[in-house]
Structure formats: structure tokens, C-alpha cells
Amino acid sequence: MSLHFFDSRRRKKLPFTTIQPGRVSIYNCGPTIYDFAHIGNFRAFIFTDILRRWLEVSGYNVTQVMNLTDVDDKTIKRSQREEVSLTEVTQRFRTAFFEDIDCLNIKRAHEYPEATTHIDEMVKLVESLIKEGNAYKAEDGSVYFSVSSYANYGELSGKHLEDLRIGDRVSSDEYESKDDVRDFALWKAWDEADGDVFWETSIGKGRPGWHLECSAMSTKYLGKDFDIHTGGVDLIFPHHENEIAQAKCGIGGDFAHWWLHNEHLSIEGRKMSKSLNNYYTLRDILEMGYKPREIRYVLSSTHYRSKLNFTFDGLAAARSAIERIDEFHESWDQYPDGDAAPEATEAIDRARTAFNAAMDDDLNVSGALSHVFTLIREINAIHHQGKATKGFLPELKELWERFDHALGILKPFGEASSADDEDSQRIETLIEDRLEARNSKDWARADEIRDLLADEGVELKDGPEGTRWKRRQD
RNA sequence: GGCGGCGUGGCCAAGCGGCUAAGGCGAAGGUCUGCAAAACCUUUAUUCGCCGGUUCGAAUCCGGCCGCCGCCUCCA
């Protein structure tokens, strides 16, 4: 099976095609930098990361752009509450965002455009929309997109204009200056609540509406036609629908050719929300003692289009699964010299084929991981039979690199190495002492040392090749 | 009201018309060990919410029912 993705617009899984052979352009809806991002955000960013990684592994030259929303109601409110400038807020959370994605082994996009540095592009787009008759300036000074001027409005979300229920969630009074309550703001006229946040432009004094930045910035960096646009399912309507309308009417082209959306996650089976007190930022989870790699594992191991139930049991299970992966990786050094056993080579080939097929099938990470674990079990069994040799290691290592390039989960990251410090020296000495005690069958002394180390959280692992140790994670 | 999704072993989670229903965690047994731990191996769903239907054949398609959930104006 060749590479297939599920396209939200066409509502089915289709063979992936690109505009230019061998090149893929991706635009991701990124965070609003008004606070620390929560783990739901990171599910989305890990999904786009794996998408980008798999395209790279598949041989594509990928250009990835992710926006950072740095002006909107939330950023403005926060800066006012803290009585600091808007830039001070967004700078702080931009830094935090980059720390967070680095921590989760998420590859950096090639560009991170921000709304406030693309006002010109946005104004130009709005001017063009007004000129084409798709937008109008209302009495309140704001500029709105006229939804009825675009016949295909609703093509992405499958919504029909006449079905949209008006007034259920938002009082239509708030929008009395619009021609149609379904019209959305391109440019918001300044009012006192915005304080000193405004731009004096040809379309008035104000600030951009939220949807506008994505149309302007994606096409600026990727062209009016680009390959993939991603985001959370909640953005399909109205955000992405509006992006399409703006871009197609004001810029031309077909905008994004593929739309990939990730599902949300729940926490212990319940919707994550501040009122349920189960709203977690990445930093919250890290403070509880969980490791970035465990979090990445949990966030990536459920298919991106399925709801993910984020649980602390799941994090614990991820820890065990990761230990199994690492034990396997570390066991390679123990293999004796020798030619590759045919069954090992076959297992490796099977794993490669099966992994590729799973990932090609709309990024089936769960399936791909199952093949990683099957490989681990098969090679371990071969090792157990004494048939594992260094002969097949080059092939195995090459495959392992490929797997890790795709998933970013197989090799350790984000943890300080515990070796080489003074404490390690002391532990190693104690292990030496214990070995001597064991050799002289002084079991009491040997167990005493083992207990002593266990009390400080150091776990000893006796094996045929000697004793290894590691600090218990908690 | 409109549009859409989900229900697979104790937990998590693939599979979406046909080989014995992946895999992880957990649990049980075994190997190893001075005893352990760790590690590794083996075992762990005649069955896929319920009831009908289509089919030579269904967890997978269709219909109904039950249960859960999302979107419908700024939330990944």
C-alpha cells in the first residue's frame, strides 16, 4: 500500500499526492502564546511532528510552517491583567512553547510566523477581499467576510449555511452591525478594551481577526497552493472553513490540497477542562514526575483520528513499555561476533515491511509500534537461543534509526545521563564490594549492600555479564 | 434541529469482508539466580455493546435498538 492519508475535506482515505514531486509543504495551526500549552495541544503538535517525520523518512523534502498567534482576545486580556505589554506576554510564552516542544522531541518547523509581524500581508488580503466584493466594512468600523458571497462555504466541514443555528450560543445582538450573523470578522475595529493594541492601516484602526493570519501566512510561506494543512478537529469549523474562504476569494488558488485533523484527548475519561480540575499543561505533568518520553509515548500511541484517553495508568504503562524498548537496545552489545542468523534477517525484513505499511496507512502509529515490539520479541527469542550475533546488527541499527526517525520515541531523550558523577563512582564501588562478598559467599554482606542501594532508589540488575544498575524513576 | 464519531480481553489499543482477532501494560507459569530483583520466554478474547439482515464467509457491510462523545462563531 502506498502512502495514504485521510483527507477531511473529501472525507476518505486517499493515496497521497503532492503538488511537486518529492516535495511537501505543510502548514500547522499552532498555539496561541498567552499561556503554557496544555497536553491536548501537544497531542496535536506530536501528530504534526510524526506526519512530518514520516514524510521525511519516506524521502520527501518537507517544508513545515507553524503559526504562533500572538494577538487575540486571550493575549490582550492577559497582558492587561498583568499590566504588561502584549509583547512581554507573548515573548514569555513563545519561549516556553519552544522549551516544551524541544522537551518532547518535537522537531522544529522551518518557520514560525506570527500575526503581529504580518499585518501588511493581512491588510493586503482584506483589501483584496473588499475589492472582490467578498468583504465589507460595517458601521462599527470592523471588516467582515460575507459568507454568502462564497458559494462553496461549508465544503470542508460539510455544513450548510442554512443549517447553522443562529443565536443559540451567541446572542445575535453582539453582531448587530454585521449584514449576516454568520459573517466573521476579518479586521476588528479598535475599542477601549483593546487598550494600546492596534494598528493604523488602510482598512482602519484595529487588529486582525483570528482566521486571517493563517490564510495570509500559509500562502506567504508556502504559496497559494500547498500540500497539507493540519489542526485539531475543533478548528474545522469555523476556523479552517474561514481560512479557505478568505484564501480562495482573496488570493486565488486551491489553498491546502489536503486537510488532516487530529482528534482531542480526554483525561481519565472526562473532557479536559479547568472547571473539572483536570486541565494539565505539559509542565504540570512533568512536575508530577513523569518523563517527557513517557508523555510523548502516550500522546502518540493512539491513532491521531481517535479520541485519546490520557490517564496516569497509561503513563505508567508507557514507562514499562519504554523500559522494554531500552533493554532491547542495550542488549545489542552483548551479542557475540558471528554471521547473521537467517531468522534474524527475516525478522528484521518483516518488521521493516510491516512498519512501513502501518505508517503508510494514514500514520497508524499503534500498528507500527506493535511491529516494533514483535521485532523485539523475535530478536530476544533468537538471542535466548544463543543465535543472536553482531552479524545482523548493522541492518538492525539501520532499521532502528528509521523507526526512531519516524516516531521519535525509541531512543532516550530529555533525560540527564546519570553516569559519571561522584555518586555513580560511589555506587560502582559498592557494587564491587558486593561482588567480592558474593564471590566469598558472604550473602549477608552482599544483601546488605543491595538493600542499602535499594533504599536510596538504586536498582541492581545481575546478569551473566555482570551487574548493571539504574536509578529508580519516581 | 443539522453534521459527525465511538463502543474489541482486567486496563490501554490496532484490525474495518476471508490466514489461528496485532501490540503494550497488568496477571499467571517458567528460565536465570546463593535467594531475590531485573531481564527474557510462554500463557492470557471460540470472541469484537445488543438484535436482526446481506454474504459461501462479518468485529469489519446494511437496518434497528442501547450506551458514550464531539462540532454547529474565535477551543489543538
Side-chain angles (χ1 to χ4, degrees), chain A residues 8 11 28-32 37-48 69 72-74 147 154 157-160 162-166 168-170 174-175 181-185 188 209-211 230-239 241-242 261-266 269-273 297-298 301-303 305-311 313-325 327-328 330-331 354 358 361 364-374 376-377 380-381 383-385 438 441-443 446-447 450-451 454 459-464 467-470:
Chain A
S8 304
R11 292 173 185 72
N28 309 309
C29 275
T32 301
H38 60 69
I39 54 168
N41 293 310
F42 291 111
R43 181 187 196 195
F45 304 143
I46 287 173
F47 152 61
T48 61
T69 298
D72 78 326
D73 290 350
K74 294 187 299 254
V147 163
S157 59
K159 295 190 186 304
H160 305 286
E162 57 274 20
D163 292 337
L164 298 179
R165 282 171 58 146
I166 294 153
D168 263 21
R169 307 219 336 175
V170 176
E174 290 177 28
Y175 296 94
V181 286
R182 298 164 307 194
D183 290 349
F184 58 90
K188 295 183 156 188
W210 174 44
H211 314 298
T230 73
V233 286
D234 55 308
L235 298 181
I236 294 173
F237 189 88
H239 182 56
E241 199 70 73
N242 294 352
H261 291 99
N262 62 278
E263 250 300 344
H264 282 189
L265 55 74
S266 53
R270 311 191 70 185
K271 186 182 167 82
M272 177 166 73
S273 76
Y297 187 99
V298 167
S301 58
T302 295
H303 186 92
R305 284 191 291 112
S306 298
K307 284 185 188 67
L308 184 156
N309 185 18
F310 188 93
T311 65
D313 282 352
L315 284 169
R319 175 168 299 183
S320 300
I322 287 168
E323 277 171 16
R324 182 167 165 78
I325 289 168
E327 286 291 344
F328 175 64
E330 286 162 19
S331 72
D361 183 11
N364 185 350
V365 174
S366 322
L369 269 176
S370 81
H371 301 118
V372 173
F373 283 107
T374 299
I376 289 175
R377 194 186 62 245
N380 276 336
H383 181 39
H384 199 63
Q385 293 159 21
R438 292 180 73 199
K441 297 200 189 312
D442 182 359
W443 310 128
D447 291 350
R450 185 168 72 196
D451 292 344
E459 206 172 75
L460 298 186
K461 307 175 179 199
D462 295 330
T467 300
R468 291 182 301 146
W469 64 276
K470 73 174 189 182

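Proteins get letters first, then strands, A, B, ... in listed order; numbering begins at 1 in each. Just so it is clear, the structure is predicted and the values come from calculations on it, not from any experiment.
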Between B/G7 and B/G15, how far is it from one C1' atom to the other, in whole Å? 15 Å
Can you name the ring-ring contact (aromatic ring centres under 6.0 Å, His included) partners of A/H239, sequence neighbours left out? A/W210, A/H211
To the closest 0.5 Å, what do you measure between NE2 (A/H264) and CG (A/N41)? 9.0 Å
Distance, P atom - from B/A13 to B/G4, rounded to whole angstrom: 25 Å
So A/H38 and A/M272, side-chain contact (heavy atoms from CB on, under 4.5 Å) or not? Walk me through it. CA-CA 10 Å; A/H38 60 69; A/M272 177 166 73; 3.1 Å; yes
Between B/C75 and B/C16, how far is it from one C1' atom to the other, in whole Å? 31 Å
Nucleotide-resolved protein contact map, nucleotides 27-34 of chain B, B/S/- at heavy-atom distance under 4.0 Å: -------B
Please work out if A/H38 contacts a base, only the sugar-phosphate, or nothing of the nucleic acid, heavy-atom cut-off 4.0 Å. base
So, OP1 or OP2 of B/G26: does either fall under 4.0 Å of a side-chain N or O from A/S320? yes
When you measure from the side chain of A/T374, which nucleotide among B/A13, B/G23, B/C40 comes out closest? B/G23
Could you measure between the two P atoms, the one in B/G24 and the one in B/C40, and give it in whole Å? 11 Å
With a 4.0 Å cutoff (strictly under), does any side-chain N or O of A/S306 reach OP1 or OP2 of B/A14? yes
Do any side-chain nitrogens or oxygens of A/K271 fall under 4.0 Å of OP1 or OP2 in B/C71? yes
Check: A/F310 and A/L315 side chains under 4.5 Å, non-hydrogen atoms: yes
Sugar-phosphate only, base, or nothing, as touched by A/G314 at under 4.0 Å among non-hydrogen atoms: nothing
Suppose you measure atom C1' in B/A28 against the same atom in B/C51; what distance do you get, rounded to whole Å? 37 Å
Between A/D234 (CG) and B/C72 (P), how many Å, whole number? 8 Å
Between the base of B/A22 and the side chain of A/S370, is there any donor-acceptor pair under 3.5 Å? yes
Rounding to an integer number of angstrom, what distance separates B/C6 and B/C12 when you compare their C1' atoms? 16 Å
At under 4.0 Å between heavy atoms, what does A/K441 touch on the DNA or RNA strands: base, sugar-phosphate, or nothing? nothing
What I'd like to find out is whether the side chain of A/L308 reaches to under 4.5 Å of the side chain of A/E263, using heavy atoms alone. no
Check the distance between B/A13's P and A/E263's CD and give it to me in whole angstrom. 12 Å
Taking atom CZ of A/F328 and atom CZ of A/R377, what is their separation to the nearest 0.5 Å? 12.0 Å
B/G15 phosphate, OP1 or OP2: any side-chain N/O from A/N364 under 4.0 angstrom? yes
What's the CZ-P distance between A/R377 and B/U44, to the nearest Å? 12 Å
What integer distance in Å separates A/E323:CD from B/G24:C1'? 13 Å
Which nucleotide in B/U73, B/G2, B/A38 has an atom nearest any side-chain atom of A/E459: B/A38
Residue-phosphate contact under 4.0 Å: A/N242 side-chain N/O, B/C74 OP1/OP2: no
Applying salt bridge (Lys or Arg N to Asp or Glu O under 4.0 Å) to A/D447 and not counting sequence neighbours gives A/R450
A/S301 OG to A/L369 CG distance, which is reported to the nearest 0.5 Å: 6.5 Å
Heavy-atom distance under 4.5 Å between the side chains of A/C29 and A/L235, does that happen here? yes
Mind checking A/L460 for me? I need base, sugar-phosphate or nothing, with any heavy atom below 4.0 Å counting as a touch. base
Report the nucleotide, chosen from B/C72, B/A76, B/C41, that has the shortest atom-to-atom distance to any side-chain atom of A/A381. B/C41
Using whole Å, report how far CZ of A/F310 lies from C1' of B/A76. 15 Å
For A/E327, give me all partners under salt bridge (Lys or Arg N to Asp or Glu O under 4.0 Å), at least two apart in sequence or on another chain. A/K461, A/R468
Could you tell me the separation between the CG atom of A/D451 and the C1' atom of B/A36, rounded to a whole number of Å? 10 Å
Dot-bracket for RNA chain B, please, read 5' to 3', with Watson-Crick or G-U wobble pairs under 3.5 Å on both distances, ( ) within the strand, [ ] crossing, | other strand, . unpaired. ((((((((.[[[..)..(....]]]((((((.......))))))....[[[[[..)....]]]]])))))))....
By side-chain contact (heavy atoms from CB on, under 4.5 Å) - contacts of A/N28 (at least two apart): A/I26, A/T48, A/Q64, A/M66, A/T230
First locate atom CG of A/N380, then atom CD of A/Q385, and finally report the distance between them rounded to the nearest 0.5 Å. 11.0 Å
Under 4.0 Å from OP1 or OP2 of B/C40: is there any side-chain N or O of A/R324 that close? yes
Does the side-chain ring of A/H264 sit on the six-membered ring of the B/A76 base, less than 5.5 Å centre to centre and under 30° in tilt? yes
Rounded to the nearest Å, what distance is computed from the CZ atom of residue A/R468 to the P atom of nucleotide B/A37? 17 Å
Distance between the P atoms of B/G9 and B/G70, in whole angstroms? 22 Å
Determine the Euclidean distance between corresponding C1' atoms of B/U60 and B/A21; express it in Å to zero decimal places. 11 Å
Let me know the distance between NZ of A/K307 and C1' of B/A76, rounded to the nearest Å. 14 Å
Of the nucleotides B/U73, B/A22, B/A38, which has the atom closest to the A/S366 side chain? B/A22
